[in-house]
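What you see is a predicted model, and the numbers here were worked out from it, not measured in a lab. A note on names: the letters A, B, ... follow the listed sequences, proteins ahead of strands, and every chain is numbered from 1.
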Protein chains: 2
Amino acid sequence: MEYAPIACSHHDHNHCISDALEAARQLCLGRGVRLTDLRLQVLELIWQNHKPLGAYTLMEMLARANTRRVAPPTVYRALDFLLEQGLIHRINLLNAFIGCPSPNIKHQSHFLICHACGIAIELDQPELSQKIIGVAQEAGFRVEKQSLEVSGLCANCASDPAVSTSI
Amino acid sequence: MEYAPIACSHHDHNHCISDALEAARQLCLGRGVRLTDLRLQVLELIWQNHKPLGAYTLMEMLARANTRRVAPPTVYRALDFLLEQGLIHRINLLNAFIGCPSPNIKHQSHFLICHACGIAIELDQPELSQKIIGVAQEAGFRVEKQSLEVSGLCANCASDPAVSTSI
DNA sequence: TTGGCCTATGTTACTCTATAACCTTTCGTA
DNA sequence: TACGAAAGGTTATAGAGTAACATAGGCCAA
């Protein structure tokens with residue numbers, strides 16, 4: 001049985017963006033932390049699509065949007081904040097960052113990453129997290145953070161003959 | 001029920017090294033690929049312990065062992081070869097490389113990484129790989145490579161009060 | 001409302017990781 | 001032994017991330 005993840009389907013992405021930004025505002029308000037202009041702008045840029053973005057790409061996007069250039073530490077500090085608040089995830093495989101659709105629920109970082117179109121699909125599988133914790137416990141290991149990064153082809157790209165034959 | 005992974009236990013590590021190098025020799029012989037001096041030396045250095053090593057650390061170790069300095073491309077080419085042959089894995093979380101104890105069996109990259117002592121324990125859980133493939137298939141995703149990197153505390157460090165209190 | 005503190009951002013310089021491009025050497029084979 | 005492919009050497013540079021210190025802005029207490 002298959003379902004199409006939202007990242008992979010045609011959808012009104014403006015809705016994704018506004019939902020994410022509103023969730024971020026509420027979450028920061030509730031926690032008493034400051035979602036500054038810069039942090040909000042970085043989060044908004046990350047949400048431009050469902051593809052993870054590198055810090056230096058973000059810097060260029062900021063420069064283009066703001067006329068003023070920001071230096072690496074500035075963007076990394078904003079990213080650190082967003083990571084701490086769980087508003088974004090880091091994709092180690094790509095040295096890149098992607099928005100989290102459910103920042104208010106504590107969860108692990110599990111992604112499907114399409115190497116054809118570049119999108120990253122976040123999995124929501126608490127059962128899988130539990131399975132991983134179980135396997136680790138058998139080895140006497142105390143789990144703190146999980147990072148699952150599966151690369152391959154998303155539903156769209158896998159069914160696109162132009163993609164499948166060009167690999 | 002717990003078992004102590006070998007990387008975590010007291011063990012004769014020379015045995016790990018000689019096994020790994022012998023396995024590599026056999027595997028390359030069988031595949032008709034060349035395990036050159038440099039490649040063998042890099043593999044041996046990686047196997048010095050169960051902690052992932054960065055490319056630049058390896059470069060320094062090579063320089064110390066050989067009197068002659070090697071440049072980054074040289075060590076990266078050796079690493080690429082070893083990765084292609086499945087003799088080592090890359091740990092994205094650490095930008096580092098670690099020896100694979102079972103290069104002759106095709107498998108996914110699943111690791112437990114202790115942030116206290118630095119060791120990486122490779123999991124051997126085909127069932128977990130299958131579970132991940134299943135979850136991905138539900139989203140219509142065609143899996144090519146899995147990378148699971150779990151960070152936390154290994155059995156030794158978790159039971160060491162000096163470690164637990166210093167975090 | 002001012003002063004002081006804390007947090008956020010700016011700036012400069014640097015480290016670490018990785019690769020491009022081109023040249024030389026080495027190895028296996030014809 | 002000579003040739004071609006593969007491996008390694010060299011130089012330069014791209015890409016990712018951080019240290020250290022300076023400045024600005026928001027918030028609270030007196």
Side-chain angles (χ1 to χ4, degrees), chain A residues 24-25 28-29 31-46 51-63 65-85 87-98 118 147 149, chain B residues 24-25 28-46 51-63 65-85 87-98 115 118 147 149:
Chain A
R25 268 187 278 262
C28 289
L29 199 64
R31 292 182 188 166
V33 295
R34 288 170 56 199
L35 187 61
T36 61
D37 285 353
L38 177 68
R39 291 165 176 177
L40 185 62
Q41 199 185 2
V42 169
L43 183 61
E44 193 170 0
L45 289 172
I46 286 179
K51 302 177 190 180
L53 290 180
Y56 281 70
T57 306
L58 281 165
M59 278 177 57
E60 278 170 35
M61 294 167 83
L62 283 168
N66 293 356
T67 69
R68 181 170 45 85
R69 274 208 98 69
V70 301
T74 300
V75 74
Y76 277 103
R77 280 188 289 237
L79 290 169
D80 286 343
F81 172 85
L82 297 172
L83 283 171
E84 268 166 36
Q85 300 302 324
L87 294 166
I88 61 174
H89 291 283
R90 185 175 198 284
I91 306 291
N92 294 319
L93 189 63
L94 304 174
N95 295 335
F97 304 85
I98 188 162
S147 161
E149 297 176 354
Chain B
R25 269 186 277 261
C28 290
L29 198 64
R31 291 181 188 167
V33 295
R34 288 171 56 198
L35 187 60
T36 62
D37 286 352
L38 177 68
R39 291 165 174 178
L40 185 61
Q41 198 186 1
V42 169
L43 184 60
E44 192 170 1
L45 289 172
I46 287 179
K51 302 177 190 180
L53 290 179
Y56 281 72
T57 306
L58 282 166
M59 278 178 56
E60 278 172 33
M61 294 167 83
L62 283 168
N66 293 356
T67 71
R68 181 169 47 85
R69 273 208 99 69
V70 301
T74 300
V75 74
Y76 276 102
R77 280 187 290 236
L79 289 168
D80 286 344
F81 171 85
L82 297 172
L83 282 171
E84 268 166 35
Q85 299 303 324
L87 294 166
I88 61 174
H89 291 284
R90 186 175 199 283
I91 307 291
N92 294 319
L93 190 62
L94 304 173
N95 294 334
F97 304 86
I98 189 161
H115 60 70
S147 161
E149 297 176 352

Participant: Rounded to whole Å, how long is the line connecting atom CZ of A:Phe97 with atom P of D:dA16?
Facilitator: 10 Å

Participant: Would a distance-only check, ignoring hydrogens and angles, find a side-chain to backbone donor-acceptor pair under 3.5 Å from B:Glu149 to B:Ile91?
Facilitator: no

Participant: Let me spell it out: for each of A:Val33 and B:Ala55, pick the nucleotide of DNA chain C with the closest heavy atom. Which residue's pick is nearer the 5' end?
Facilitator: A:Val33

Participant: Restricting both atoms to N or O, compile the protein contacts to nucleotides 24-30 of chain C shorter than 3.5 Å, with distance only.
Facilitator:
none

Participant: By side-chain hydrogen bond (donor to acceptor under 3.5 Å, both in side chains), which residues pair with B:Arg68, not counting sequence neighbours?
Facilitator: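 With sequence neighbours excluded, B:Arg68 shows a side-chain hydrogen bond (donor to acceptor under 3.5 Å, both in side chains) to no residue whatsoever.
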
Participant: Partners of A:Arg34 by side-chain hydrogen bond (donor to acceptor under 3.5 Å, both in side chains), sequence neighbours excluded?
Facilitator: none

Participant: Rounded to whole Å, how long is the line connecting atom CD of B:Glu84 with atom C1' of D:dA7?
Facilitator: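 The answer, rounded to whole Å, is 13 Å.
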
Participant: Expressed as a whole number of angstroms, how long is the span from A:Asn95:CG to D:dA14:P?
Facilitator: 18 Å

Participant: Whole Å only: how far is the OH atom of B:Tyr76 from the P atom of C:dA21?
Facilitator: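 Taking OH of B:Tyr76 and P of C:dA21, I get 18 Å after rounding.
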
Participant: For A:Asn95, which residues count as a side chain to side chain contact (heavy atoms under 4.5 Å, CB included) partner, sequence neighbours excluded?
Facilitator: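 With neighbours one apart ignored, the set is A:Arg90.
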
Participant: On DNA chain C, does the nearest nucleotide to A:Phe81 precede the nearest nucleotide to B:Thr57 from the 5' side, or the other way round? Give the residue.
Facilitator: A:Phe81

Participant: Quickly work out the A:Leu83 CG to D:dA16 P distance and round it to whole Å.
Facilitator: 16 Å

Participant: Base, backbone or nothing for each nucleotide of nucleotides 9-16 of chain C, written B, S, -, heavy atoms under 4.0 angstrom, 5' to 3'?
Facilitator: BBBB----

Participant: Could you tell me the separation between the CG atom of A:Leu53 and the P atom of D:dG15, rounded to a whole number of Å?
Facilitator: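 The answer, rounded to whole Å, is 15 Å.
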
Participant: Checking A:Gln41 now: which residues fulfil side-chain hydrogen bond (donor to acceptor under 3.5 Å, both in side chains) with it, not counting sequence neighbours?
Facilitator: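 side-chain hydrogen bond (donor to acceptor under 3.5 Å, both in side chains) check on A:Gln41 returns A:Asn66.
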
Participant: Any salt bridge (Lys or Arg N to Asp or Glu O under 4.0 Å) pairs touching residues 71-82 of chain B, not counting sequence neighbours?
Facilitator: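 Listed by first then second residue: nothing to list.
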
Participant: Compare every heavy atom of A:Val42 with every heavy atom of A:Leu82, then report the nearest pair and how far apart it is.
Facilitator: CD1-CG1, 3.8 Å

Participant: Could you tell me which residues satisfy side-chain hydrogen bond (donor to acceptor under 3.5 Å, both in side chains) with A:Gln85, sequence neighbours excluded, listed by chain and number?
Facilitator: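 Expected list: A:Arg31.
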
Participant: Between P on C:dT17 and CG on B:Asp80, what's the gap in Å once rounded to a whole number?
Facilitator: 16 Å

Participant: Can you name the side chain to side chain contact (heavy atoms under 4.5 Å, CB included) partners of B:Ala55, sequence neighbours left out?
Facilitator: B:Val75, B:Tyr76, B:Leu79, B:Phe97

Participant: Without decimals, in angstroms, what is the distance between A:Leu93 CG and D:dA16 C1'?
Facilitator: 15 Å

